[in-house]
Amino acid sequence: MTEEKSLNFLEEIIDNDLKTGKYKSIITRFPPEPNGYLHMGHAKSICLNFGLALNYGGKTNLRFDDTNPVTEETEYVESIKHDIKWLGFQWAEELYASDYFEKLYEFAVLLIKKNLAYVDDSTSEEIAKQKGTPTQPGTDSPFRSRTIEENLTLFTDMRAGKYKDGEKVLRAKADMSHVNMHMRDPIMYRIKHAHHHRTGDAWCIYPMYDFAHGQSDAIENITHSICTLEFIPHRELYDWFIKNLEIYPSHQYEFARLNMTYTVMSKRKLLQLVNEGHVSGWDDPRMPTLSGVRRRGYTPKSIREFCDKIGVAKRENLIDVGLLEFCVREDLNKIALRRMVVFDPLKVVITNYPEGKSEVLTGEENPEDANSGIREIPFSRELYIEQEDFMENPPKKYFRLAPGQMVRLKSAYIIKCDEVIKDANGKVTELRCSYIPESRSGSDTSGINVKGVIHWVSAATAVPIEVRLYDRLFKVEDLGEAEGDFKDYLNPESLLVKTNVLAEPAIHKANKDDRYQFLRTGYFCLDPDSTADKLIFNRTVTLRDMWAKEAKKN
RNA sequence: UGUCCGAUGGUGUAACUGGCAACACGCCUGAUUUUGAUUCAGGAAAGUCCAGGUUCGAGCCCUGGUCGGACAACCA
């Protein structure tokens with residue numbers, strides 16, 4: 001297999017940088033702000049940054065971009081670290097922008113001394129006005145011409161806490177008429193008398209993103225600083241600071257962020273969902289957060305596979321969630337243990353099976369995995385099958401049970417429906433069937449071929465469990481326009497809890513690390529809320545298109 | 001009125017220095033199947049935003065348009 005996988009544009013750049021000797025090895029970084037939980041969009045970035053370093057023999061730093069104390073918390077730091085490890089990646093160094101506060105301060109002083117930064121007393125409104133518009137040049141601040149000495153003193157005083165929030169800022173002296181708005185004397189430092197999750201009250205001035213990110217990259221000798229498209233206009237400023245500070249020339253590259261159908265992928269909106277109580281928390285199984293999909297049963301491997309499949313480019317994209325679900329099923333099919341579970345029970349009595357008799361049949365744990373072994377399944381005279389698996393007046397292509405028809409009970413016998421019992425309202429309450437003794441699974445000598453195979457549980461040994469069926473949180477495919485208040489787009493049926501679902505006894509072996517396929521319904525995993533006497537399962541994904549053909553043909 | 005980024009089947013991503021537009025998801029057909037799943041075989045679907053140009057030859061190069069997105073937080 002010499003087949004070469006085509007390179008994405010970043011791999012091409014790195015390939016070239018390595019070939020030409022620009023770098024001996026590469027260093028990337030994953031730079032989350034600890035102001036929320038990681039989501040699928042971050043997974044794309046993580047797989048990209050860590051994956052690139054892995055493939056090219058480099059390393060990746062985890063750096064928390066914690067330059068805004070009012071939004072950041074230690075809880076988020078911990079969850080982020082946990083999620084990255086869970087995804088299967090290990091960072092070379094754990095760093096914080098806040099580690100560089102002293103260094104960044106020195107950088108700022110250096111720029112003041114080079115007459116490339118000044119303290120501005122203007123209000124934020126005044127500064128906004130000075131900036132002009134994308135089509136009109138800005139105007140100089142009246143404080144732009146302060147002397148170096150004066151700026152030095154004022155900046156020292158800012159740090160010393162002599163001013164209130166918003167009273168003064170430090171601005172870069174760039175070009176107020178630059179076509180790029182970000183070059184119009186951007187703010188480098190602002191005053192915030194706020195408690196920082198790591199530096200506590202040591203500082204009351206904090207660097208802005210633009211004055212922290214590039215320098216942090218430079219300090220760490222990051223060779224390829226990869227971020228999303230919206231930072232393209234920042235690149236010029238990124239380079240400007242690096243050039244004027246004469247530090248390591250890290251370079252910024254941009255790629256298009258992940259968008260998925262029926263999914264919001266903005267931290268701001270996810271926070272809103274949490275705060276307004278539309279979901280139970282950041283790890284609600286309907287959330288696109290890593291903690292959410294983990295709780296729902298998605299595997300790290302399937303997410304990595306997904307990130308690989310969606311590729312990397314610079315054009316805007318909207319990925320169908322179906323692709324993610326495909327990746328999840330692909331992995332789960334290989335590892336999930338098979339169990340029979342009946343959601344809406346319909347009683348079946350096998351009239352020719354002796355009363356009081358029972359036997360233990362066996363079934364494969366997982367037919368896709370030869371080493372998975374077998375499980376025991378008790379069989380007896382009274383069973384439950386899925387109501388959906390019986391139709392009194394079946395359409396043409398219906399292969400399951402109907403009056404006078406035969407089906408196989410998975411891993412057991414072929415049965416024939418002889419009689420339908422209804423209550424006063426005409427509702428079917430019980431089926432009387434006969435079984436074919438020679439048709440026992442594994443030793444079938446009956447010669448009978450049936451097309452339908454259904455799942456079942458023995459009434460005497462069935463275990464009641466609780467099942468949580470999760471559907472899409474949103475009703476609309478593209479939430480691009482769903483700004484601000486997206487209550488209108490929420491799907492009220494996104495969560496369906498079913499109690500007293502009946503499962504075969506093997507369900508008792510349930511383990512939180514295992515994945516299950518409930519035969520013919522979908523993939524499930526044990527929810528952390530489960531206890532020994534109350535097993536709760538979350539539905540990961542449904543089985544693919546189980547009834548699609550039938551629906552189409554009817 | 002500006003600057004920057006982008007445009008390839010329904011979706012996403014490819015196509016080495018110009019050389020028969022490929023792969024995956026989805027869709028359709030058939031086979032196998034004690035899960036209507038899985039697996040397997042096959043198929044439909046774009047002629048590459050438009051108009052010119054260079055060339056034996058353009059998705060790739062040139063010129064001019066069109067459309068979409070980003071940019072005016074003391075957020076990142």
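Below, chain A is the first sequence line, B the second, and so on; all start at residue 1. Given the structure is predicted, the values throughout are model-derived calculations rather than measurements.
The nearest whole Å value for the distance from the CD atom in A/Glu365 to the P atom in B/U35 is 17 Å. Separating the CG atom of A/Leu237 from the C1' atom of B/C4 is a distance of 15 Å, rounded to the nearest angstrom. Following rounding to the nearest Å, A/Arg408 (CZ) and B/U33 (C1') show an atom-to-atom distance of 12 Å. Rounded to an integer number of Å, the gap from CD of A/Glu305 to P of B/C25 is 10 Å. Nucleotide B/U34 holds its P atom 18 Å from the CD atom of A/Glu438, rounded to whole Å. To the nearest angstrom, C1' of B/G69 lies 17 Å from CG of A/Leu258. If you take CE of A/Met183 and C1' of B/C4, they are 14 Å apart, rounded to a whole angstrom. Between the P atom of B/U39 and the CZ atom of A/Arg329 lies a distance of 11 Å, rounded to the nearest Å.
Taken from CZ in A/Arg29 to SG in A/Cys227, the straight-line distance is 6.5 Å, to the nearest 0.5 Å.
Under 4.0 angstrom from either OP1 or OP2 of B/U38 there lies at least one side-chain N or O belonging to A/Arg544.
Comment: A/Asp165 does not engage A/Lys192 in a salt bridge, judged by the lack of any side-chain N to carboxylate O separation of less than 4.0 angstrom. Note on A/Arg198 versus A/Asp99: salt bridge recorded, some NZ/NE/NH1/NH2 to OD/OE distance being below 4.0 Å.
Both tests pass for A/Arg159 against the ring of A/Tyr105: distance under 6.0 Å to the centre and angle within 45° of the axis.
Between A/Arg329 and A/Asp331, the closest side-chain pair of non-hydrogen atoms is not below 4.5 Å. Counting heavy atoms from C-beta on, the side chains of A/Ile80 and A/Tyr37 never come closer than 4.5 Å.
Among the heavy atoms of the strands lying under 4.0 Å from A/Gln517 is at least one base atom, whether or not backbone atoms are also near. Looking at heavy-atom distances under 4.0 Å, A/Ser439 makes contact with a base. Within 4.0 Å (heavy atoms only), A/Gly363 reaches no atom of the nucleic acid at all. Base engagement by A/Arg440 is indicated by at least one non-hydrogen atom pair under 4.0 Å involving a base atom.
A distance of about 16 Å separates the C1' atoms of B/G6 and B/G65, rounded to the whole Å. Rounded to whole Å, the C1' atom of B/C49 lies 6 Å from the corresponding atom of B/A7. Nucleotides B/A15 and B/G57, compared at atom P, are 25 Å apart to the nearest Å. The same atom, C1', is picked in B/A21 and in B/G68; the two are 24 Å apart, to the nearest Å. Comparing B/G26 with B/G19, their C1' atoms are spaced 32 Å from each other, to the whole Å. Taking the C1' atoms as reference points, B/U8 lies 4 Å from B/U48, given to the whole Å. Taking the C1' atom of each, B/G47 and B/U38 are spaced 36 Å apart, rounded to whole Å. Nucleotides B/U11 and B/C71, compared at atom P, are 24 Å apart to the nearest Å.
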*asked:* Base contacts versus sugar-phosphate-only contacts with protein, heavy atoms under 4.0 Å: please encode nucleotides 9-24 of chain B as B, S and - from 5' to 3'.
replied: --SSBSS--------S

*With the sugar-phosphate defined as primed atoms, P, OP1 and OP2, and the base as all remaining atoms, what B/S/- string results for nucleotides 71-76 of chain B, 5' to 3', for protein heavy atoms under 4.0 Å?*
SB-BSB

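In the set B/U34, B/U35, B/A37, B/A37 carries the atom at the smallest distance from any side-chain atom of A/Glu368.
Between the side chain of A/Ser441 and the base of B/U34 there is at least one donor-acceptor pair of N/O atoms closer than 3.5 Å.
With A/Glu325 as reference, A/Arg472 is the one residue of A/Arg539, A/Arg544, A/Arg472 to meet the salt bridge (Lys or Arg N to Asp or Glu O under 4.0 Å) rule. With A/Gln130 as the partner, the side chain to side chain donor-acceptor pair (under 3.5 Å) test is satisfied by one option alone out of A/Arg144, A/Arg184, A/Arg171: A/Arg171. Of the listed residues (A/Tyr238, A/Trp240, A/Phe241), just one forms a ring-ring contact (aromatic ring centres under 6.0 Å, His included) with A/Phe211, and that residue is A/Phe241. Screening A/Arg338, A/Arg375, A/Arg339 against A/Glu504 for a salt bridge (Lys or Arg N to Asp or Glu O under 4.0 Å) leaves a single residue, A/Arg375.
Closest non-hydrogen pair, A/Leu332 versus A/Thr540, comes out as CD2-CG2, 3.8 Å. Annotation for A/Ala172 and A/Tyr118: closest pair O-CE2, 3.8 Å, computed over non-hydrogen atoms. Shortest non-hydrogen contact noted between A/Glu376 and A/Val360 is CB-CG1, 3.5 Å.
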_Base-pair map of RNA chain B as dot-bracket, where | denotes pairing with a different strand and pairs are Watson-Crick or G-U under 3.5 Å_ = .((((((..((((.....[..)))).(((((.......))))).....(((((..]....))))))))))).....

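Classified by its glycosidic torsion, B/G47 falls in the syn category, the angle being within 90° of 0.
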